[in-house]
Amino acid sequence: MNTLKSGYMHLVYYALFNGFVGILVKEAQGLDTLAIVFFRGLIATAFIGLMAVLLRQARTLRPCHLRATLLVGLLQGLMTILIIGALRLTAVANALFLLYTAPVFAVVLARLFLKERIAAVTWVGIGVTLLGVLLTRAVAIIRL
């Protein structure tokens, strides 16, 4: 399998697994937000470690750029705490509505503040994202 096809398959796997997070969080009984985030991180770490051993890639998991890696991990953890907290406090559709609009905000803010050039294909992607978010929102409103 070529690299591009492999990348797309990884993206599909990620989307499938990540899509279940909202449902699983709503079904988790007796766990607070921090416990859910802890176990999610623990399971992810164990899975990555297991896959690295099975694929004989464990040597590639050396710490390089340690400060940047820790900062990204800290910010990812904070983001996960906020998402799980939102999922616990509101409807899944509302929390995911905000989560899935994050890339749109990132592109628009990069254009406004960093003066980055945005490729046409990115604008098409934003349009598709917004359409998906609007459809999700419409389904949530119809169910009310």
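Here the structure is a predicted model, which is why all the values come from computation and not from measurement. Throughout, residue positions are numbered sequentially from 1 according to the sequence presented.
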| request: First locate atom OG1 of Thr122, then atom CZ of Arg117, and finally report the distance between them rounded to the nearest 0.5 Å. | output: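 It is 11.5 Å, given to the nearest 0.5 Å.
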| message | If I take atom CG from residue Leu112 and atom CZ from residue Phe105, how far apart are they, to the nearest 0.5 angstrom? | response |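 It is 12.0 Å, given to the nearest 0.5 Å.
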For residues [X] and [Y]: do they belong to one hydrophobic cluster (side chain heavy atoms under 4.5 Å, members Ile, Leu, Val, Met, Phe, Trp, Tyr)?
X      : Y      : answer
Val37  : Leu82  : no
Leu134 : Ile126 : no
Leu71  : Met79  : no
Leu78  : Val72  : no

| field | Any Thr101 side-chain heavy atom under 4.5 Å of Thr129 side chain | value |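 Not in contact.
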| said: Side chains of Leu135 and Leu131, heavy atoms from C-beta outward: is any pair under 4.5 Å? | reply: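 The answer is yes, as the side chains (C-beta and beyond) meet within the 4.5 Å cut-off.
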| query | Quick one: which of Leu55, Ile48, Val53 gives a side chain to side chain contact (heavy atoms under 4.5 Å, CB included) with Met51? | reply |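 One option only clears the test, and that one is Leu55.
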| query | Taking all atoms of both residues into account, what is the closest heavy-atom pair of Arg111 and Glu116, and its distance? | reply |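 Closest approach of Arg111 to Glu116: CD-O, 3.1 Å.
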